[in-house]
Novice: 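First the structure, then my questions, so here it is.
Being a predicted model, the structure only gives us computed values, none of them experimental. First the proteins, then the strands, lettered A, B, ... as listed; each starts at 1.
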Amino acid sequence: MEKREPTEFEQRVYDATCRIPKGKVTTYKLLAAEIGCGSSQAVGQALKRNPFAPEVPCHRVLRTDLSIGGFYGQTQGREILRKKKMLADEGVELDGHGRVARDLVFEY
DNA sequence: GACATGACCCGCG
DNA sequence: CCGCGGGCCATGT
């Protein structure tokens, strides 16, 4: 078992994630574009590990279609339910389709 | 260095 | 509207 220290790429992801103001959200694609990555999937990889939780508000990162996405390695389940709860607590509520309003998305 | 995995995205039918 | 397949990037084995 090797030590998996956070890479520079992951640090950029965490840094950008921390910049998201409360009550707002962002998407993997926007995050990827900000840190200079053409793939949002790599961003998700870094967040799923999220060794800095809850220091890093990864729950504010949603998919491009503004759906929840995943949380702690799960795309559905208790952790996801918790994620929705945290967002609602910050003023970000989901509609009947599990999506948030476009104007709640924070663009860099 | 090659193969497999993933909290994704986009286009097509 | 739904499902399928390909593409992209970084990580871990």
Novice: Could you go through A/Arg12 and A/Glu34, starting from their C-alpha distance and side-chain angles, then the distance that decides it, and tell me whether this counts as salt bridge (charged side-chain N to carboxylate O under 4.0 Å, His left out)?
Specialist: CA-CA 9 Å; A/Arg12 280 191 286 270; A/Glu34 175 61 22; over 6 Å; no
Novice: Kindly give the heavy-atom pair with the smallest separation between A/Phe106 and A/Arg19, and that separation in Å.
Specialist: CE2-O, 4.2 Å
Novice: How close or far is atom C1' of C/dC1 from atom NE2 of A/His97, stated in whole angstroms?
Specialist: 12 Å
Novice: On a heavy-atom basis, which atom in A/Phe9 and which in A/Val43 lie closest, and how many Å separate them?
Specialist: CE2-N, 4.4 Å
Novice: A/Ile35 CD1 to C/dC8 C1': how many Å, rounded?
Specialist: 13 Å
Novice: Looking only at heavy atoms, which two atoms of A/Cys58 and A/Lys83 are closest? And how far apart?
Specialist: O-NZ, 4.2 Å
Novice: How close do A/Ile35 and A/Ala16 get, counting heavy atoms only, and between which atoms?
Specialist: CG2-CB, 4.2 Å
Novice: Please tabulate the protein-to-nucleotide N/O contacts below 3.5 Å involving nucleotides 4-6 of chain C, giving atom names and distances.
Specialist:
none

Novice: Nucleotide by nucleotide, 5' to 3', does protein get under 4.0 Å of the base (B), only the sugar-phosphate (S), or neither (-) in nucleotides 5-12 of chain B, counting heavy atoms?
Specialist: BBBBSS--
Novice: Might you work through the salt bridge (charged side-chain N to carboxylate O under 4.0 Å, His left out) test for A/Lys84 and A/Glu93, ending with a clear yes or no?
Specialist: CA-CA 8 Å; A/Lys84 292 181 182 176; A/Glu93 300 187 19; over 6 Å; no
Novice: Give me the atom names and distance for the closest heavy-atom approach of A/Lys24 to A/Ile20.
Specialist: O-CG2, 3.5 Å
Novice: Assigning hydrophobic clusters by single linkage (Ile, Leu, Val, Met, Phe, Trp, Tyr; side-chain heavy-atom cutoff under 4.5 Å), is A/Ile80 placed with A/Val25?
Specialist: yes
